[in-house]
Amino acid sequence: MLGQAIADGILTGAIIALGAIGVSFGLQILRFANFAHSELVTWGAYLALVFVTFAGPGTPTGPLSFGWQLIAAMVFAGVLTGVLAWVVDILVFRRLRNSDAHPLSMVFAAFGVALVMRHVVVLIWGHGSYFYTRELQIALEVLPGIRMLPDQIFILGLTFVVVAAMHLYLTYSRTGMAMRAMAESPSLARVCGVQVESVVRWTWFISGGLAAMAGVFLGLTPQLHPEMGFNLLLALFAAAILGGAGSLIGAVVGGLLVGLAENLSVLFISPGYKTAMPFLVLLLVLFFRPQGLFGEKEGSR
Amino acid sequence: MSMGLVSYGVFFLSVVLILGIVALGLNLQWGYTGLFNAGIAGFYAIGAYTHSIITTPPRADLIANMGLPWVVGIAGAMAVTALAAWIIGLATIRLRGDYLAISTFGIAVTIQLVTLNFEALTGGSQGFTGIPRPLYGMFGSPFAFNLFYFALLLAVVALVYWGLERILRSPWGRVLKAVREDETAAIALGKSAISFRLQSFVIGSTLMGLAGALYVSFIGFVSPFDFLPIVTFQIWAMVIVGGSGNNKGALLGALTVWLIWASSGVAITKLVPPAHAAQGGAIQVILIGLMLVLALLFRPRGLIGEETMVSRHADER
Amino acid sequence: MKTTLGVAAALATIALMGPAPASAQQVSCPVKIGGILPLTGSMAPITKKIAESAQLALEHINQGGGIKGCPVELVLRDDQGQPTVGVDAAKYLVEVERVPAITGTISSGVTGPIISSVTGPSKIVQISCCSTASAFTLDGRSGGYFFRTLPTSKTQAFATASEITRRGLKKTAIIYVNTDFGVDMTKFVKLALPKLGGEIVAEVPYNDNQSSYRAEVTKALAAKPESLLLIGFPKDAVTIVREWLSLGGPQQIALNNSMRVMDFVNGVGPRFLNESFGMDNAQVAGPTVDAFNQAFEAKYKTDSKGPGVHTQYDALMVLGLAMNIAKDLTGPSIKDAVRQVHAAGGAQVGTGPEEFKKAISLIKDGKPIKYFGATGPIEFDANGDVTGPALVWKIKDGEIVTDRVISIEEMQALFKKVE
């Protein structure tokens with residue numbers, strides 16, 4: 001049972017990690033807690049649904065429950081969600097950033113944006129559930145006592161590849177370096193000639209794309225509904241802060257820790273307390289490292 | 001004015017006053033100290049449940065009921081909430097703004113889960129019935145009791161308001177604001193920022209606990225349902241709408257937001273045919289969200305805005 | 001300050017006189033009935049049909065002659081699924097609209113404070129279609145003014161336990177939603193199952209609205225059960241059942257009444273549910289039930305399946321009948337009259353406007369009536385709860401079909417055996 005819980009935890013954690021990367025960038029590069037990020041997850045899932053509705057999920061390929069169409073849908077949704085994130089920035093957040101509003105105005109505005117985005121989904125698609133595919137897979141015993149679905153193994157693999165690629169991109173590309181410079185010190189980055197607006201645009205685009213990916217994976221296990229992203233919101237924040245804002249690796253490790261904490265906790269205490277687990281881990285970490293596991297200690301604010 | 005309207009008005013305003021106390025507590029934390037407390041529902045819940053446990057007579061299925069007088073319940077609720085806030089504050093007060101928000105939010109979620117799962121103490125999901133109301137037996141009609149309770153609440157709010165205004169205008173209050181505006185400078189002047197922030201956090205949370213106790217002894221029933229995160233959101237809306245950093249604003253915000261909140265459902269049900277109630281609901285929330293965003297873009301200071309003066313002598317300069 | 005004192009003094013004077021009691025002798029038209037339902041918020045999707053059902057009942061009452069010769073108006077308010085909003089709505093209905101009776105609401109967390117702070121103290125009859133928390137009706141905590149038309153969780157729990165053992169399933173794992181409904185159901189199943197020869201090997205609560213329930217499912221599966229009893233609501237249940245099956249859980253799955261909707265069946269996939277079965281309260285076949293179903297389908301062009309649809313109709317019809325029986329439209333009179341709606345030896349009356357008309361003329365002649373509603377016979381016990389027959393349903397060729405009916409007599413025998 002322990003092995004199974006660990007496997008489940010890693011899977012949950014991988015999906016959380018994809019969403020948490022965007023939250024983490026938001027906290028450090030854009031300098032605010034973007035409560036609307038979870039809605040990008042939902043929108044990503046529903047945009048992929050639009051594609052799937054026209055193209056179909058594809059015939060099951062090998063052991064997987066879907067075909068290439070779903071992958072195409074994910075790319076489609078990733079790009080559109082990235083653009084959506086950027087458009088929201090232009091409409092709301094950039095205006096606030098450029099006015100001398102209190103930094104927390106951004107947080108409240110994000111709250112409002114989240115309400116609007118979530119309920120537009122309700123208005124368009126209704127409250128009911130949707131599915132990409134009606135297939136139901138039976139888990140394979142990958143290790144003694146550990147069962148996983150082929151889809152889940154695929155999700156884990158793809159997440160790993162994408163995160164690794166992102167890490168390389170951020171480390172070696174010009175945009176990546178500019179983003180890291182912004183994360184460390186916005187004013188210094190500006191002085192050094194970093195194009196702030198361009199970095200902001202890329203940050204939104206990447207966050208949105210990864211959120212959409214998390215959304216599609218979430219929808220694959222197994223359903224889409226308007227609150228799917230919102231229900232994940234706190235786990236995303238816990239993971240991002242746990243890892244340390246602005247750190248890609250931190251967000252991934254944070255996501256895995258949150259996933260593991262949820263899944264392992266039920267072995268010891270009532271599952272009724274499961275939703276509190278990410279926070280308890282978070283509090284514990286923050287108590288000893290107020291900047292998170294991989295976060296840089298901040299200077300005076 | 002019809003009798004019924006008066007009776008309803010008294011009841012409605014009683015709820016506003018209770019929520020107003022919570023808003024005053026948050027205003028102290030946020031408006032005057034800059035603490036982003038997103039765990040309001042948690043402190044409200046601690047006060048509510050502590051009061052329920054202290055005042056409800058012992059019952060076979062619950063382990064801790066005491067059946068003590070109302071006043072003991074209020075005092076106990078404030079004491080327990082203060083203690084909890086102090087412990088939580090010690091652990092979290094040093095965190096940067098948004099981290100503090102997530103941490104306190106998480107604590108509120110945890111507290112709500114405890115009220116849901118610790119059935120022997122709290123009655124669990126069934127809720128806690130039969131919470132005694134103060135002097136209820138002395139009143140012949142529910143209206144008379146409500147009127148008495150309303151007067152009681154008015155007195156409590158007046159006391160809280162007066163007390164807050166006093167301490168905020170004292171040297172303590174000025175340091176608090178200094179800490180909010182420029183922590184480094186305040187520290188340089190030899191003030192321990194952490195300890196001031198902690199004090200403000202504890203006092204504000206205690207007020208939330210007090211409001212929780214006043215709420216349950218007004219309604220007579222409590223369940224984990226009363227402490228969902230939406231409560232936190234409502235109180236924040238009150239402080240933002242009223243204008244943070246202004247106690248009158250917090251009370252006015254409580255009235256305005258609660259009025260809109262309670263009546264927006266009526267408006268939707270009147271305007272939208274029942275067959276489209278679900279869509280009507282979605283539009284209602286979209287409008288709330290839009291209002292919030294537009295208010296922040298075009299009217300960032302709230303209805304009243306922050307009082308510009310810190311001390312009574314400031315404008316005499 | 002002076003004005004405040006003045007106002008206070010004026011109010012105090014009014015308080016001493018007390019509000020004028022809803023004067024009873026002369027009934028003023030139209031007669032108002034209050035309704036409280038979560039029309040917006042997370043419950044809104046379920047509420048839609050329930051609200052429609054209430055409108056249908058209102059129509060039938062009016063077509064059948066109204067209340068004491070007056071047309072009836074349903075003043076419906078939204079509780080948004082929030083206790084404070086619901087209490088405010090109730091207070092408004094009672095004080096400003098002066099309704100003598102209320103129907104509502106769905107969540108027990110909202111119904112509870114309404115009973116304790118509004119309808120209880122003001123002696124207003126309240127009939128809920130959907131709130132299950134057993135605490136409301138125990139020990140007369142509502143002063144006898146609260147009724148509900150859905151059978152308590154006990155009926156369904158005992159029926160479920162007996163069906164599980166009848167099918168020879170020995171080891172059962174329970175996964176239940178962590179709400180008053182799930183907790184109550186589990187409590188009663190735990191009471192019944194061991195006495196009927198079954199065994200509970202795992203009890204796992206779950207909190208709703210989570211993206212995955214693998215942890216809960218894994219925990220339940222670790223006990224190596226032969227069957228699963230899932231108590232919850234359709235959306236999360238789809239996730240749980242799919243995860244249960246993919247992790248190798250047995251297909252013998254017992255379900256509660258909420259899952260008797262096609263959204264659930266299609267969500268999981270009917271071909272995976274051939275071995276599963278479910279319970280439902282009452283809703284037995286019968287002419288009065290069929291009449292309701294037909295009327296509902298004719299009016300709204302959709303089937304009448306779904307939680308609360310039948311019980312909401314009955315809640316309002318019971319109020320309509322009771323308010324005709326009551327000597328005046330005050331809370332205490334209506335409360336007593338509710339208990340005469342299904343009188344022993346009364347003439348049988350059913351659903352629909354014609355039947356309501358028949359009932360009114362019987363009442364006018366001073367004859368007792370016996371109401372059979374959209375959920376079968378409606379008879380309240382001392383606590384204000386109804387007990388009724390149960391039915392077992394299953395999935396066949398992608399459709400939900402009735403497997404067998406557990407009659408009232410069988411249920412009573414079952415109650416005796418367990419208690």
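Just so we're on the same page: letters track the sequence lines, and every chain starts at 1.
Interface check for chain A: of the options C:Thr218, C:Leu221, C:Asn178, the most heavy-atom pairs under 4.5 Å are formed by C:Thr218. The candidate from A:Asn231, A:Thr275, A:Ile138 with the greatest count of non-hydrogen atom pairs under 4.5 Å with chain C is A:Asn231. Chain C forms more heavy-atom pairs under 4.5 Å with one residue of A:Gln137, A:Met148, A:His225, A:Glu262 than with any other, namely A:His225. Of the residues considered (A:His119, A:Gln223, A:Glu227, A:Met228), A:Gln223 shows the highest number of contacts with chain C, using heavy-atom pairs under 4.5 Å.
Looking at C:Phe272, the atoms closer than 4.5 Å to chain A (heavy atoms on both sides) all sit in the side chain, from C-beta outward. Heavy atoms closer than 4.5 Å to chain C are found in the side chain of A:Leu218, but not in its backbone. Of the two parts of A:Thr12, the backbone and the side chain both hold a non-hydrogen atom closer than 4.5 Å to a non-hydrogen atom of chain C. When heavy atoms are compared at a cutoff of 4.5 Å, A:Leu149 approaches chain C solely by way of its side chain, counted from C-beta outward. For C:Asn207, the part lying near chain A is the side chain, with the backbone staying farther off; criterion is any non-hydrogen pair under 4.5 Å.
Between the side chain of C:Trp393 and the backbone N or O of C:Arg260 there is no donor-acceptor pair closer than 3.5 Å. The main-chain N or O of C:Leu150 is never found under 3.5 Å from a side-chain atom of C:Thr311 such that the two would form a donor-acceptor pair. Listed for the C:Lys219 side chain is a donor-acceptor partner under 3.5 Å among the backbone atoms of A:Val266.
Note on ring orientation: taking the six-membered ring where Trp is involved, the planes of A:Trp125 and A:Trp43 are perpendicular (angle over 60°, cut-offs 30° and 60°).
Ring centers of C:Tyr176 and C:Phe181: at least 6.0 Å apart, outside the cut-off.
Exactly one residue among C:Asp263, C:Asp208, C:Asn209 makes a side-chain hydrogen bond (donor to acceptor under 3.5 Å, both in side chains) with C:Lys235. That residue is C:Asn209.
Taking 4.0 Å as the cut-off between side-chain N and carboxylate O, C:Asp303 and C:Lys49 count as a salt-bridged pair.
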